[in-house]
Amino acid sequence: MNIVVLIKQTFDTEAKIVLDANGKIDANGVNLIINPYDEYAIEEGIRLKEKLGGEVTVVTLGGARAQEAVRTALAMGVDKGVVVSDPAIDTSDDWANVEIIAKAVAQIPFDIILSGRIAIDDGASQTAVRLAEALSVPSVSSVIKLEATGDQLVATREIDGGTELIEVALPAVITAQKGLNEPRYPSVAGIMKAKKKPLKTLTLADLGLSAGDLAPKMVVTKMTLPDPRKAGIRIPGEAADAAKELAKLLHEEAKVL
Amino acid sequence: MDEIKEVSLEMKDYIVSSGAETLSWCMQCGLCTNLCPWRLVPGEISEAFNIRKMQRLGQLGLEGFEDENVLFACATCGMCLVNCPRKVEIIDNVRSMRNTTVAAGFLPANLRPIAGSLHANGNPWSGAHEKRAEWQEGLNIPAFSDDTEYLLYVCCTSCFDTRSQKIAKSIVNLLQKAGVSFGVLTAEENCCGETIRKLGDEELFQKLAESNIKLFNGKGVKKIITTSPHCLYAFKKDYPELGGNYEVVHYAELLGDLLKQGKISFSTELAKKVTFHDPCYLGRHNQVYDPQRELLKAVPGVEFVELGRNKEKSLCCAGGGGRVWAEAPMGERFGELRITDAVDKQADILVTACPYCIAMLDDACAGLEKGDVLKVMEMSELLNASL
Amino acid sequence: MAYQSILVVGGGISGLTAAVEAAEAGSEVYLVEKKPYLGGRVAQMNRYFPKLCPPNCGLEINFKRIKQNPRIKFFTLAEIEKIEGKEGDFTVTVKSNPRYVNQNCTACGKCTEVCPVERSNEYNYGLDKTKAIYKAHEFAFPMKYVVDNDVCQGSECGKCVSACQYNAIELDMAVKSFNLNVGSIVWATGWEAYDASKIDYYGFGQHQNVITNVMMERIAAPNGPTGGKVVRPSDGKEVESIAFVQCAGSRDVNNLTYCSGVCCMASLKQATYVKEKNPDAKVSMFYIDVRAMGKYEEFYTKVQDGISMIKGKVGEITEDPLTKDLIIQVENQLTGEILKEKVDMVVLATGMVPSTVDTKLPIAINYDEDGFIVSDSQQPGIYGAGCVKKPLDVASSVKDATAAALKAIQSTVRR
Amino acid sequence: MAKGIWVVVEQRDLQIRKVSLELLSQGRKIADETGESLVAVILGQGIEGLAQTVSANGADKVILVEDEKLAEYTTGAYTSVLNKLIRKEEPQVVLTGNTAVGKDLFPRLAQRLGVGLASDCTGIEVDSSSFMVFKRPIYAGKAFEFVSSTVRPILATIRPNTFALGTPDAGRTAEVVKETADIDAGDLRAILKEVAIAASKRPELTEANIIVSGGRGMKGPENYVILEALADVIGAAVGASRAAVDAGWKEQKFQVGQTGKTVSPTLYIACGISGAIQHLAGMGSSKFIVAINKDPEANIFNVADYGIVGDLFDVVPILTEEFKKIVG
């Protein structure tokens with residue numbers, strides 16, 4: 001089985017978000033990690049390979065440091081890595097990214113494409129499903145359980161308040177939700193071996209694309225930071241009154257309910 | 001017997017090149033295992049972790065040491081080094097073995113937020129950097145300058161934990177009473193990096209250390225007082241190789257000297273039975289044993305008793321080596337043994353001199369529900385109460 | 001002026017050998033021994049390698065060769081105070097301590113019967129006592145009594161003097177010094193057992209039933225303090241379980257950095273003492289690795305049966321204060337578990353420390369970092385022999401001493 | 001010329017999701033402001049009766065697509081139908097809730113249409129140049145981006161609770177248009193075999209939007225029922241402090257904190273938790289923190305946005321009742 005795992009390198013979950021002089025997110029000095037949901041996808045890809053044989057290729061789109069993420073995936077047990085790196089990616093939107101990835105993936109034989117259900121940076125949750133469409137294959141998103149045979153998948157996906165069981169013929173795209181598996185730590189041998197595994201770097205030109213093909217559909221007009229946290233307040237009064245007041249504040253002021 | 005896994009000389013070389021220069025000195029006698037505090041508690045980690053075996057796996061480049069319960073179990077207490085017949089630098093080896101996986105991006109899940117916070121905030125406690133100096137409010141501490149002799153460096157824990165802030169405040173008060181010339185740079189400082197280095201994240205350690213060294217050197221810092229023995233260790237033993245050379249003392253050492261010189265004295269009587277838990281990083285790692293005892297004995301009314309395991313034989317609280325962020329179930333925590341030790345000595349107060357120890361011992365005391373018979377105090381708090 | 005005679009310092013197996021070999025090759029030999037008898041450590045053995053025979057016959061042959069050879073003069077209770085000169089022309093000052101017993105002594109033992117004072121018997125490593133006037137041991141050579149001046153009450157008591165019908169006791173004997181002129185010197189002052197009390201976690205000196213391997217030789221010896229019964233010091237109970245703790249201080253940068261090479265075989269040998277007396281005894285040996293050099297491999301393989309061999313250096317020995325039983329804590333490296341084994345007695349396999357650590361030669365020579373005399377002593381004409389050069393077993397000491405004798409002879413004939 | 005603001009109304013078992021009504025309510029306002037018409041699109045089977053509800057909530061026009069293949073949501077069938085409808089009608093904007101359906105459907109729809117998608121939005125600004133600008137949280141709410149597009153239509157999924165529900169006007173009527181479902185065979189490759197709706201499944205701690213957590217002040221495992229009751233009203237996960245785990249009241253997997261699970265929900269309600277540093281560090285990035293504790297000195301109050309000094313056994317049951325009123 002040929003397995004492709006689409007991953008993204010994101011800011012570490014603790015990263016402090018700062019805007020630079022241009023009002024853009026400042027990535028300077030920020031620690032980068034593999035998007036945690038993509039780790040489930042990597043793990044599932046490796047498990048599928050372990051069960052059914054074949055090869056796992058990880059594909060990512062990113063800057064100079066994206067190779068680190070791919071090396072990490074290789075250490076976990078992925079066989080090959082592909083990094084598409086091009087300055088044009090800095091301003092591309094979800095649609096354009098999918099155009100690029102679709103071209104890159106088209107060069108790799110695939111039966112199943114796995115990815116995380118969401119990236120914790122932009123939170124867009126679009127790429128994998130869009131990619132399925134771009135490649136004209138079905139997709140199942142937010143999967144928490146996956147059973148695969150040679151030519152079909154049975155996936156349990158999370159929906160609001162329950163689950164769905166979906167059967168789909170291969171090839172297909174699956175997005176991983178937390179709970180699908182527990183990503184492994186690589187053996188040290190795996191880490192050593194990863195240093196020697198093939199890692200291919202491609203530019204847009206290598207994929208027959210140019211920046212002009214990728215005019216974004218969506219543009220970011222500005223970025224802002226949340227208002228600073230207000231000083232906490234103690235709600236006075238007896239239990240009943242305080243509880244009522246609290247409920248009101250949460251609903252009307254904080255708007256979290 | 002365990003199944004033999006993959007052997008790789010390359011892996012061994014990698015571990016050695018990460019700093020485990022003495023790894024091959026080990027002749028597998030097992031004296032370290034005998035001393036390791038993990039042998040004093042039951043449970044899953046205790047069963048998985050064997051410090052001698054871990055060295056062996058490293059020597060052979062054999063898979064298996066990277067299991068989280070092995071690789072990250074060591075509290076770097078240094079007990080294993082006490083009798084080691086070959087003076088194997090076991091803790092350096094552990095650090096290097098951790099480095100093999102951490103450098104590849106595989107810090108265990110529970111430690112990622114800590115490393116993340118260190119990257120983003122310069123402290124491991126997810127505290128906003130701009131709040132680092134909040135503990136000083138109302139204390140009127142001068143900024144370090146050419147006019148101040150010492151830099152007082154306050155441990156991240158005592159900057160952000162309200163419980164631990166009392167330690168920083170007590171130390172400030174003691175130093176001021178003794179007329180010590182000191183200033184702070186708290187707002188601009190980052191974590192000393194001692195623990196993250198022990199966790200194997202060398203790159204992050206260097207980032208933290210370099211920023212501190214740049215700050216200290218830029219401000220002309222020559223002498224540093226630390227509130228935590230872990231910071232003491234970092235500044236004394238880790239920073240020189242990166243260009244940070246300072247005369248560093250833990251506050252207990254400085255107060256001990258001031259006591260001898262008669263510059264500080266204690267007057268309020270405290271008729272209590274007091275015992276002292278030697279923090280590993282103050283004792284075994286830095287050989288400071290006496291000033292604490294002299295200071296406590298100088299408090300009128302204090303009846304000082306030694307714990308059974310004291311000084312170089314002191315039992316670790318389990319807060320070092322990153323274990324302060326690890327989860328061991330009740331009944332498997334070294335701190336509980338320590339509380340029991342103190343209760344057995346019928347002490348009223350268990351004193352220690354390390355923010356991590358305080359966190360671990362407080363926790364153990366509450367967990368064992370011994371709060372009614374034993375109080376855990378940081379030494380500065382006790383001394384402050386007797387000024 | 002070139003002297004033809006040779007001085008051998010130390011009357012143990014190495015010194016005896018060097019002296020006899022040199023003398024039998026025609027040299028004049030002076031043999032100087034600090035103790036009141038010759039034979040050294042070997043005389044304190046129960047049995048020794050390779051034949052596992054008692055030491056008496058081997059020593060006896062040497063004593064006979066000495067007695068028969070007019071070219072050997074030996075001095076017991078004597079120490080070297082000063083060495084001056086150079087190869088071929090040494091002047092050596094010898095201090096002769098008084099025995100307080102003269103040549104008339106027939107070793108009848110009447111003196112001991114009346115002596116009112118007791119002293120710890122160092123020959124048995126303090127496991128028993130002798131009177132202030134005593135016979136060093138059963139086969140002591142020379143077979144003369146001796147007085148321990150440190151404890152003797154002197155002429156005020158004088159009971160022994162009255163009891164001796166041969167007028168052999170002279171309590172007013174004095175220290176004498178004399179000079180010897182020799183062409184070369186063989187230094188064979190041997191070794192001391194490593195002070196096991198320095199390894200605090202083993203409790204030697206605190207727990208009565210923790211003994212060392214040299215003490216075990218005396219306990220097992222028929223002429224020893226227990227008459228050869230393997231019993232424990234605290235209560236004389238026959239030992240039913242015993243643990244041999246290898247590398248007690250050895251291969252340890254905190255104690256002795258080196259391996260003495262003989263302790264593993266010694267413990268295996270001592271295990272046979274126990275098993276011979278009590279085949280049901282439980283014998284354990286705890287080791288880092290067993291060093292059975294050369295032909296000893298076979299012995300090692302053979303004696304392992306019935307001995308529980310556990311890989312792991314003992315971490316701690318504690319004592320049950322009531323029973324005086326000992327609890328051994330050790331990591332069994334096969335399983336990784338911490339064993340806590342209760343035994344009647346523990347034998348610490350301590351290593352060999354050269355006597356030159358404490359007592360240097362009164363002339364500059366080279367020692368290694370552990371205090372052993374190095375082969376090239378940087379002082380022509382002075383040669384180390386035996387365990388003062390490196391830890392050796394008896395057979396190797398004999399060979400080394402023979403070689404030293406040849407070197408010493410060459411020094412006396414060099415032109 | 002593109003026209004109309006579309007809301008794809010989500011129904012399950014013929015019940016309209018609250019978020020769809022929220023969008024209709026807000027859509028109405030925008031429609032009034034811009035002069036656009038508000039169109040509700042409902043897919044399903046036996047959905048005719050829902051037309052009245054959506055018109056009462058503000059729709060000018062209702063497009064109903066009835067088909068047995070649309071009875072349950074499937075990505076392929078829904079995409080197939082909506083793609084054709086949108087291409088035919090050319091709306092300005094198509095909105096839906098950022099629900100499991102919205103998250104699955106809209107990316108595929110956007111790609112098929114070759115348009116942009118603003119997902120998980122928490123605000124809409126009307127803009128003269130691009131018609132609508134969408135505010136969306138990024139980096140888990142640590143920043144916001146504002147996105148817009150000149151390509152029509154713009155697709156957007158809106159986070160539930162972003163907009164308030166309006167008051168339905170039963171008197172309103174809307175034009176109801178029925179369209180037939182023209183589903184491409186290629187869109188039926190994924191087959192829905194089974195739907196399992198959990199009666200009350202609390203979310204997983206690290207995924208939860210709201211967490212209700214109890215500490216040593218809970219006094220015993222039996223008392224967690226009052227937190228669970230609270231949690232179930234607002235769809236929250238239940239957590240515990242280390243002290244509660246140590247006491248054996250809760251399993252370790254429920255432990256919140258640096259040594260347990262690091263969480264950053266929108267709302268964290270700490271009951272009887274004093275706030276050890278490891279706990280605070282593990283939940284301090286929550287958007288809103290509520291602390292209920294008897295001890296006015298408890299550390300937790302230092303990080304709380306709202307604090308009640310009081311007995312949780314008095315406060316929590318009343319709070320549960322109040323929440324019921326709000327959530328409905």
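So you know, we letter chains A, B, ... as the sequences are listed, proteins then strands, and number each from 1.
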- Message: For the CZ atom of Phe106(B) and the CZ atom of Arg184(A), what is their distance to the nearest 0.5 Å?
- Response: 10.5 Å
- Item | Donor-acceptor pair, side chain of Glu63(B) and main chain of Ser187(A), under 3.5 angstrom | no
- Proximal component of Thr13(A), with respect to chain B [non-hydrogen, under 4.5 Å]: neither
- Query: Does the pair Arg112(B) and Glu39(A) meet the rule for a salt bridge (Lys or Arg N to Asp or Glu O under 4.0 Å), with working shown?
  - Reply: CA-CA 14 Å; Arg112(B) 290 185 193 183; Glu39(A) 287 191 359; 3.1 Å; yes
- Query: Which bit of Ala109(B) comes within less than 4.5 Å of chain A, counting heavy atoms only: side chain, backbone, both or neither?
  - Reply: both
- Message: Between Glu10(B) and Lys193(A), does any side-chain N to carboxylate O distance fall below 4.0 Å?
- Response: no
- Query: Between Asn121(B), Thr100(B), Ile114(B), which shows the greatest number of heavy-atom pairs under 4.5 Å with chain A?
  - Reply: Thr100(B)
- Give a yes or no on this: more than 12 heavy atoms of other residues, nucleotides or ligands lie within 6.0 Å of atom NZ of Lys49(A). yes
- Task: Sort Pro183(A) into side chain, backbone, both or neither according to what part of it lies under 4.5 angstrom from a heavy atom of chain B.
- Result: neither
- Query: Around Lys80(A), counting heavy atoms of other residues, nucleotides and ligands shown, do more than 12 lie under 6.0 Å from its NZ?
  - Reply: no
- Query: What's the spacing between Leu9(B) CG and Met192(A) CE if we round to 0.5 Å?
  - Reply: 10.5 Å
- What option among Gly61(B), Ala115(B), Pro108(B) has the most heavy-atom pairs under 4.5 Å with chain A? Pro108(B)
- Item | Part of Ala15(A) lying under 4.5 Å from any heavy atom of chain B | backbone
- Query: Going from CD1 on Ile191(A) to CE on Met11(B), what distance comes out if it is rounded to the nearest 0.5 angstrom?
  - Reply: 8.5 Å
- Per-residue tally against chain A (heavy atom, under 4.5 Å) across Ala128(B), Gly105(B), Ala104(B) peaks at Ala104(B)
- side chain to side chain donor-acceptor pair (under 3.5 Å) between Glu14(A) and Ser117(B): does it pass, once the steps are laid out? CA-CA 5 Å; Glu14(A) 300 290 311; Ser117(B) 177; 4.8 Å; no
- Task: Assess whether atom NZ of Lys145(A) is packed by more than 12 heavy atoms of other residues, nucleotides or ligands within 6.0 Å.
- Result: no
- Query: Is the number of heavy atoms from other residues, nucleotides or ligands under 6.0 Å of Glu203(B) CD greater than 12?
  - Reply: no
- Message: Is there a side-chain contact between Phe11(A) and His119(B) in this structure, where contact means two heavy atoms from C-beta onward sitting under 4.5 Å apart?
- Response: no
- Note on the structure: Interface check, chain B: of Thr72(A), Ile33(A), Val188(A), Val30(A), most non-hydrogen pairs under 4.5 Å belong to Val188(A)
- Note on the structure: CG (Asn31(A)) and CG (Asp201(B)) are apart, to the nearest 0.5 Å, by 7.5 Å
- Message: Working to the nearest 0.5 angstrom, can you tell me the gap between Tyr185(A) OH and Leu107(B) CG?
- Response: 7.0 Å
- Message: With a 6.0 Å cut-off (strictly less than), is the heavy-atom count around CD of Glu44(B), excluding the residue itself, greater than 12?
- Response: no
- So with a 6.0 Å cut-off around CG of Asp90(A), is the heavy-atom count from everything else above 12? yes
